[in-house]
Amino acid sequence: MSKIPMTTPIVEMDGDEMTRVLWSMIKDILICPYVDLKTEYYDLGLPNREATGDQVTVDAANANLKYGVSVKCATITPNAQRMEEYKLSKMWKSPNATIRAILDGTVFRRPILVKGIDPYVRSWKKPITIARHAYGDIYKSTELRAAAGSRAELVVTAPDGSVQRADIQNFKGDGIVMGMHNTDASIASFAHACFKFALEAREDLWFGAKDTISKTYDHRFKDIFAEIYEKDYKAAFEAAGIEYFYTLIDDVVARVMRSEGGFIWACKNYDGDVMSDMVATAFGSLGMMSSVLVSPNGAWEYEAAHGTVTRHYYKHLKGEATSTNSVATIWAWTGALRKRGELDGNAELMAFADRLEKATIDTIESGVMTGDLVSLSTLENKRKVNSEEFLRAIASKM
Ligand code: NAP
Ligand code: MG
């Protein structure tokens, strides 16, 4: 059988721990036998970030801007314990934060549904996609502790030197202060990404923020979405028979829990961070949540929503068999291959991505699955397999 050719490379960002182990197995067992895989490889594993002073992360993000499509493995975000474990010279920033700061954009997280794994929320029948704004707010904030008796003010100096000043608090006791920001341009690109994604998926778009309390900050998000919708998307939404609406974040949360699913939920950065973990868990497993960063610069970055599954990796290091779910990482690859195929007019590559996804779902629905799914599945003839057996079962389905 001849392999499917590729013209443009995909930017490949390798990562850490158990997902790094799965990464090479996925390539060896499920991709390279069928595709003449072209990638430009960047090793974002923590040892190489340390060795390059984290330059590799910046280089990878710039390559993503150059080529358009990347696939990223989960990576460790160092904390104090990791400093010790990996003998780091510095507590390197989260690679995802570095990449998002360069690409800008919106992260879309979508659960992968299979028969036999029912969402904890009984009414949910279709996937709920969370669109997380990936720029600014508390993720790019400045924080200080304030001693008792301190006065905190907000100061904005315009280019002409004029100053806006507002009191934050006169501290009677010790306290804390934070300054955060966003930009009209980033909010607008968030809005465009959401409207475009909804049109492509033919699903309604819901957006919630707290404009009643945050009358300037959150209100700006609401207004920018409304202006862009009216001007650029309303007609297309009506033609597609889909809807956009804005309501308070509390109201959105209540509606989400009563819904059937099948819509895109646009979230500000923090809401998206927190709610995507809730939605992923309620749909079944973190191992079944796919994720893509859509940049206004025309770049796509595909990854799994979960982390490096450290506990499983330590077992793996001891020589014990693991049963780690590779589905979301497979979806990162299929997403990247399909998008590469779409951009290059490579229909064979797109069809391969579809086939690999179908083989993966068929494998699980036939009862062969990893441990995290076995405990959730209602199928009668289910069988727990190890990480590698799962990939081999998919290959034989293909
Ligand atoms: P995690 O790696 O997502 O794992 C949390 C737990 O969820 C696991 O211990 C496991 O539960 C379960 N789980 C997650 N993915 C699974 C899968 N594919 N198959 C089976 N079970 C799975 O999160 P974490 O433990 O908080 O973080 C570990 C490391 O990942 C940290 O260093 C963090 O910085 C990093 N991280 C990276 C990213 C990213 O690169 N995008 C995102 C989040 C975290 P059981 O142990 O109970 O089986
Ligand atoms: Mg989170």
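In each ligand, atom 1 is the first atom listed, and ligand 1 is the first ligand listed.
- Which parts of ligand 1 touch Asn96 is read off a 4.0 Å heavy-atom cut-off, strictly below it: atoms 39 (C), 40 (O), 41 (N).
- A ring-centre distance under 6.0 Å is found for Phe237 and Phe195.
- Between Asp362 and Lys358 there is a salt bridge, since a side-chain N of the basic residue sits under 4.0 Å from a carboxylate O of the acidic one.
- Considering each of Thr77, Val107, Thr324, the one bringing a non-hydrogen atom nearest atom 34 (O) of ligand 1 is Thr77.
- Protein heavy atoms come within 4.0 Å of atom 48 (O) of ligand 1.
- In terms of protein heavy atoms, atom 19 (N) of ligand 1 is closest to Asn325 N, 3.0 Å.
- Proximity of a side-chain donor or acceptor of Thr247 to a complementary backbone N or O of Gly208 within less than 3.5 Å is not detected.
- Annotation: Gly307 places an N or O atom under 3.5 Å from an N or O atom of ligand 1; distance criterion only.
- Here the shortest heavy-atom distance to atom 10 (C) of ligand 1, taken over Val309, Asp16, Asn79, belongs to Val309.
- Looking at Arg100, its side chain never comes within 3.5 Å of a backbone N or O of Ala134 through a donor-acceptor pair.
- Residue contact check for ligand 1: Glu17 places no non-hydrogen atom closer than 4.0 Å to it.
- Close approach of ligand 1 to Glu303 (heavy-atom distance below 4.0 Å) involves ligand atoms 41 (N).
- Close approach of ligand 1 to His312 is summarised as follows: ligand atoms under 4.0 Å from at least one heavy atom of the residue are 20 (C), 21 (N), 45 (P), 46 (O), 48 (O).
- A salt bridge does not link Arg49 to Asp43: none of the charged side-chain nitrogens sits closer than 4.0 Å to a carboxylate oxygen.
- For atom 43 (C) of ligand 1, the protein comes within 4.0 Å by at least one heavy atom.
- Ion pair Glu153/Arg151 flagged as a salt bridge, since at least one NZ, NE, NH1 or NH2 atom sits closer than 4.0 Å to an Asp/Glu carboxylate oxygen.
- An N or O contact shorter than 3.5 Å is missing between Thr310 and ligand 1 by distance.
- Residue contacts with ligand 1 for Arg311 involve side-chain atoms from C-beta outward but no N, CA, C or O (heavy atoms, distance under 4.0 Å).
- A donor and an acceptor atom, one from each side chain of Glu17 and Thr310, are located under 3.5 Å apart.
- Without hydrogens or angle criteria, Ser323 side chain to Gly371 main chain gives a donor-acceptor distance under 3.5 Å.
- Every atom of ligand 1 with a heavy atom of Lys72 under 4.0 Å away is listed here by number and element: 40 (O).
- Residues Lys3 and Pro33 are not in side-chain contact: their nearest non-hydrogen atoms beyond the backbone lie 4.5 Å or more apart.
- For the pair Glu357 and Arg338, the salt-bridge criterion is met [side-chain N within less than 4.0 Å of a carboxylate O].
- Inside a 4.0 Å radius of atom 26 (O) of ligand 1 there is not any protein heavy atom.
- Residue-ligand proximity, Arg82 to ligand 1, at heavy-atom distances under 4.0 Å covers atoms 29 (C), 31 (C), 32 (O).
- Geometrically, Lys268 engages Phe221 in a cation-pi contact, judged by NZ or CZ lying under 6.0 Å from the ring centre and within 45° of the ring axis.
- If you check which protein heavy atom lies closest to atom 29 (C) of ligand 1, you get Thr308 OG1, 3.0 Å.
- The nearest protein atom to atom 40 (O) of ligand 1, hydrogens excluded, is given as Thr75 N, 2.9 Å; this is a heavy-atom distance.
- Put simply, atom 6 (C) of ligand 1 has no protein non-hydrogen atoms near it, under 4.0 Å away.
- For atom 12 (C) of ligand 1, the nearest protein heavy atom lies 4.0 Å away or farther.
- The contact set between ligand 1 and Ala74, taken as ligand atoms under 4.0 Å from a residue heavy atom, comprises 40 (O).
- Ionic pairing of Arg220 and Asp184 is present here: one or more N-O contacts between side-chain nitrogen and carboxylate oxygen are shorter than 4.0 angstrom.
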